[in-house]
Number of protein chains: 2
Amino acid sequence: MADARQAMYRQVAADLRHAITDGAYGSGGRLPAESALAEAYGVSRGTIRQALSVLRADGLVTSRRGTRRVVLGTARVPTFRESLSFTRWARSIGEEPGGRVVDIARVPADEVEREQLRLEAGDHVYRVLRVRTLSAVPVMVERTVYPERVGEIVAACDPAAVSHTVPMEERGVVITDAHHTIDVTGADEDDSRLLGCRVGDALLRERRRSTDPAGSPVEWAEDRYLPGTIAFAVHNSAAASSLSRRPAL
Amino acid sequence: MADARQAMYRQVAADLRHAITDGAYGSGGRLPAESALAEAYGVSRGTIRQALSVLRADGLVTSRRGTRRVVLGTARVPTFRESLSFTRWARSIGEEPGGRVVDIARVPADEVEREQLRLEAGDHVYRVLRVRTLSAVPVMVERTVYPERVGEIVAACDPAAVSHTVPMEERGVVITDAHHTIDVTGADEDDSRLLGCRVGDALLRERRRSTDPAGSPVEWAEDRYLPGTIAFAVHNSAAASSLSRRPAL
DNA sequence: TTCCCAAGGTTGGCTGTACAACTCCAACTT
DNA sequence: AAGTTGGAGTTGTACAGCCAACCTTGGGAA
């Protein structure tokens, strides 16, 4: 349970999550009734339901009226923050992340950037080109556009800094929502040079727009991965839908 | 609002969703306070919060303690069912979906299939190979494995049937959870023949395991798309995280 | 045996209340 | 002019209760 500063339902959710990933209920097994959990944790049923809805959204348990909840899978589900940060992700799978900033520039935002980052005409943005490595092997090229207030933080970082999200968080930039588009694209000359592939080779592309709790865009990024280095995993459920297809541009 | 058989919070969510996609609050605008909405709809604040949590998970609105909710985007978000069915997706973007079953076979499940579909030794599965088209142009090859009870339904379908999910739903097979893995792979000979590309060409691959409300697997599928025909869109938030990266196999 | 039905258990949905934590803005102080 | 404080407004968390919808089980009926 730990940390009393956390909301009760989060503590319960974390505890149940551990119990599930430790296999306490087995895969395909049944959870105790909500009322039983409520009594066990000494909280109301509403709080238990809140905790379970978190696990439901993560795809750890199902729910169906009339019968106990079923454990769907016992795999560890990354937290939201891990899923956003290349560095955190790499460390969580036991790889050593690295990288370096190839190019960074403060320029007036073009029309697309103004639209994506919701800026006014004349506002400036920081464009960052970065190559990222796992165990010193280049696997991804990242092109990110930041609005001025965020870009200043990134520009102040060491070009070889492993993580940009950590300093951003320390400076109060918090990301709570991200919208991703995943498809395939061909390598351009920069990609070719930085990743060691040929121009035109297929790369797995993730485009991402992240926003803070106030709804202001924090970054607009395009990541290109060498095939075979990464896969994206998505869970969706009738309770919390999140994956969709889109016609490619 | 419509249909009284729907739960109240879903009606409210649908109504607010329409209001938002119609631009009633603008992009970046603020929603009325929960208590105001509660009074307007004649329901309790709890019900409003339930409705808003749906929109939150879809990335339509943010939420932050102390201040009103902000409209994140006004784009239409596909429903869970649309995102699962190629046919529904194609129609929703105004394309004419088609396809045909190339091969279907009832065979004993191999070890991987038993693991994925949670079957016993000796159980049989249906393996289906299918090519799918948009406006008569092949764009995707689909390899699906069904457990026996579901496979029987699919096997009874016309090989040229546009949709398998519709008959499945009519026969009481409901999907409530799906786990997807998205990456890039090379075309094999079947892909090459059916999609008209060369062996080894890069394809966007989606692997999917779907389960019903009881937690029993309903299908295990691998879809391979020609590059440029589709992109996957994902929203995740601190409230309902569901995207993760995975090391490629 | 097989089918049907009733009863009990369980989750879904909704209401109402209370307080805590936080944001924002205006008025005040320095 | 700049910083501080305080209060009103808003969402987050938690509790308690009620009924409906649904599933499972077991016993009775055919």
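Chain identifiers are assigned alphabetically (A, B, ...) following the order of the sequence lines, protein sequences preceding nucleic acid strands; residue numbering begins at 1 within each chain. Scope of the values below: all heavy atoms of this structure, side chains included, with no hydrogens, waters or symmetry mates.
Classification of A:Arg143 and A:Glu222 as a salt-bridged pair fails, no side-chain N sitting under 4.0 Å from a carboxylate O. Using a 4.0 Å cut-off between charged side-chain N and carboxylate O, A:Glu148 and A:Arg106 make a salt bridge.
Checking the phosphate oxygens (OP1, OP2) of D:dT13, no side-chain nitrogen or oxygen of A:Thr47 falls inside 4.0 Å. Here B:Arg49 does not reach the OP1 or OP2 of D:dT11: none of its side-chain N or O atoms lies under 4.0 Å away.
Here D:dC19 presents its C1' atom at 17 Å from CE of B:Met8, a figure rounded to the nearest Å. What separates CD of B:Gln6 from C1' of D:dA20 is a distance of 16 Å, to the nearest Å. Straight-line distance from the CD atom of A:Glu34 to the C1' atom of D:dA16: 15 Å, rounded to whole Å. Going from atom OH of A:Tyr9 over to atom C1' of D:dG12 covers 8 Å, rounded to whole Å. Following rounding to the nearest Å, A:Gln11 (CD) and D:dA14 (C1') show an atom-to-atom distance of 13 Å. A:Gln50 has its CD atom 16 Å from the P atom of D:dT11, to the nearest Å. Atoms CZ (A:Arg10) and P (D:dG12) sit 10 Å apart, rounded to a whole Å.
Comparing B:Pro32 and A:Val43 against DNA chain D, the residue whose closest nucleotide sits nearer the 5' end is B:Pro32.
Side-chain atoms of B:Asp212 come within 3.5 Å of backbone N or O of B:Ala214 as a donor-acceptor pair. Listed for the B:Gln11 side chain is a donor-acceptor partner under 3.5 Å among the backbone atoms of B:Gln6.
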Any protein N or O atoms within reach of nucleotides 3-8 of chain D? Criterion: under 3.5 Å, listing atom names and distances.
none

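Side chains of A:Thr87 and A:Arg132: a donor-acceptor N/O pair is present below 3.5 angstrom, by distance only. Using a 3.5 Å distance cut-off with no hydrogens or angles, the side chains of A:Ser27 and B:Arg118 do pair a donor with an acceptor. Side-chain atoms of B:Thr165 and B:Arg81 include no donor-acceptor pair closer than 3.5 Å.
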*Could you give me the CA-CA distance, side-chain angles and deciding distance for A:Val234 and B:Phe232, then say whether side-chain contact (heavy atoms from CB on, under 4.5 Å) is met?*
CA-CA 10 Å; A:Val234 181; B:Phe232 291 95; over 6 Å; no
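For the segment residues 53-71 of chain A, the set of residues with a heavy atom within less than 4.0 Å of an atom of DNA chain C comprises A:Ser63, A:Arg64, A:Arg65, A:Gly66, A:Thr67, A:Arg68, A:Arg69, in numerical order.
A:Arg10 is linked by a salt bridge (charged side-chain N to carboxylate O under 4.0 Å, His left out) to nothing, counting only residues two or more places apart in sequence or in another chain. Contacts of A:Asp123 classified as salt bridge (charged side-chain N to carboxylate O under 4.0 Å, His left out), with partners at least two apart in sequence or in another chain: none.
Every pair passing salt bridge (Lys or Arg N to Asp or Glu O under 4.0 Å) that includes a residue from residues 52-69 of chain A is listed here, sequence neighbours excluded: A:Arg17-A:Asp58, A:Glu34-A:Arg69, A:Arg56-B:Asp177.
First and last contacting nucleotides of DNA chain C toward chain A (any atom under 4.0 angstrom from a heavy atom, 5' to 3' order): C:dG9 to C:dG13.
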